[in-house]
Engineer: 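Take this structure first; my questions come after.
Indexing begins at 1, ligand by ligand and atom by atom, following the structure's order. Model, not experiment: these values are computed from the prediction. All values below come from the heavy atoms of this structure, side chains included, with hydrogens, waters and symmetry mates left out.
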Amino acid sequence: MSKKAFVIGHPIAHSRSPLIHGTWLKTYGIDGSYEAIDVAPEALPKFFDRLRAGEFVGGNVTIPLKEPVFALCDTIDPLARSIGAANTLVARDGKISGSNTDYLGFLGNLDQNAPGWSDGLGSAIVLGAGGAARAVLVALAARGINTIHVLNRTAEKAIGLSDEIEGPLQGHGLEDFARLAPEAMLLVNTTSIGMHGSAFPNLPLNLLQKSALVTDIVYTPLETPLLAQARALGLATVDGLGMLLHQAVPGFAAWFGVTPEVTPALRAAVERTLGH
Ligand code: NAP
């Protein structure tokens, strides 16, 4: 029987997941489908009934359903619980498990585009303390980074997050960047700054070591002002599109039984949709 998967959210029309999974279904010749379904939060229990009844093998979950699904899943992966959001559901024998693959997406992107990036990495700076920061912090802690500094406009949120998430985390305000930058080998932007070309007013990237890596999880535009500034200083950079592509891998593997590859052709197909 043809296997069906989905992405649910509200709204959902903007999602690039159908393109990613549709490309893989075609590439691997799999008899299956992946569709975007608009599900409002109040309609989620009814949608879970369909899932339990075996209509789908599973799917992705996006805003605003990543937290509400917790209460409806039979099992939740412990890392998804520490991130506070589930973005991937797998249905088996009427039971639904929820997990979060954003942290794997973050790691997969850097592993593919900056191999060896975490070897002996002593100190990292993460900008932002919102939902996406949680996934990045869990990822960096899982990779065994020695010290992870979380810097946020609202410093209390960074301090709260560093207490809440297990690992060598320290919370600060953004103004501490200049003091911490000379030690940092990795800078990650997880704030929404960068979207549509917005920029940090005063972030002295020149204080980073010449061998530091700078990555942004914002991918519209692909080269954010932060990445452009880093590149102009001769620093290595990785953009955020790969995180979106790599976070899709574990779900596809669980639903369709094939571990798909993130290829330049897939990236190019998704890149063509950016800015539309
Ligand atoms: P969020 O929960 O709303 O958090 C937003 C963060 O940005 C907070 O830390 C906030 O600081 C900070 N911020 C917002 N405006 C700011 C400003 N003017 N100056 C300084 N800091 C500012 O959002 P999110 O869900 O974490 O998402 C953040 C970004 O990540 C989005 O652009 C999203 O598209 C992107 N993302 C990408 C991927 C991917 O696959 N590449 C995955 C997930 C998310 P305060 O706490 O002080 O408000």
Engineer: Hydrophobic cluster mates of Val218, side-chain heavy atoms under 4.5 angstrom, ILVMFWY only, any path?
Structural biologist: Met195

Engineer: Parallel under 30°, tilted from 30 to 60°, perpendicular over 60°: which one fits the rings of Phe56 and Phe6?
Structural biologist: perpendicular

Engineer: Might you confirm whether atom CD of Glu166 has over 12 heavy atoms from other residues, nucleotides or ligands at distances under 6.0 Å?
Structural biologist: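 No - once you tally the heavy atoms of other residues, nucleotides and ligands closer than 6.0 Å, there are 12 at most.
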
Engineer: Is it the case that over 12 heavy atoms from other parts of the model lie below 6.0 angstrom from the CD atom of Glu183?
Structural biologist: no

Engineer: Could you check ligand 1 for N or O atoms lying under 3.5 Å from protein N or O atoms and list the pairs with distances?
Structural biologist:
residue  : atom   : partner : partner atom : Å
ligand 1 : 2 (O)  : Gly131  : N            : 3.0
ligand 1 : 7 (O)  : Ser192  : N            : 3.3
ligand 1 : 9 (O)  : Ala129  : N            : 3.0
ligand 1 : 9 (O)  : Asn152  : OD1          : 2.7
ligand 1 : 11 (O) : Asn152  : OD1          : 3.3
ligand 1 : 18 (N) : Arg153  : NH1          : 3.3
ligand 1 : 26 (O) : Gly131  : N            : 3.2
ligand 1 : 26 (O) : Ala132  : N            : 2.8
ligand 1 : 40 (O) : Leu244  : N            : 3.4
ligand 1 : 41 (N) : Ile217  : O            : 2.8
ligand 1 : 41 (N) : Gly240  : O            : 3.1
ligand 1 : 46 (O) : Asn152  : ND2          : 2.8
ligand 1 : 46 (O) : Lys157  : NZ           : 2.8
ligand 1 : 47 (O) : Arg153  : NE           : 3.1
ligand 1 : 47 (O) : Thr154  : N            : 3.1
ligand 1 : 47 (O) : Thr154  : OG1          : 2.5
ligand 1 : 48 (O) : Arg153  : NH2          : 2.8

Engineer: Run the salt bridge (charged side-chain N to carboxylate O under 4.0 Å, His left out) test against Arg92 and tell me which residues pass, sequence neighbours left out.
Structural biologist: none

Engineer: For Arg134, which residues count as a side-chain hydrogen bond (donor to acceptor under 3.5 Å, both in side chains) partner, sequence neighbours excluded?
Structural biologist: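 By the side-chain hydrogen bond (donor to acceptor under 3.5 Å, both in side chains) rule, Arg134 matches Glu164.
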
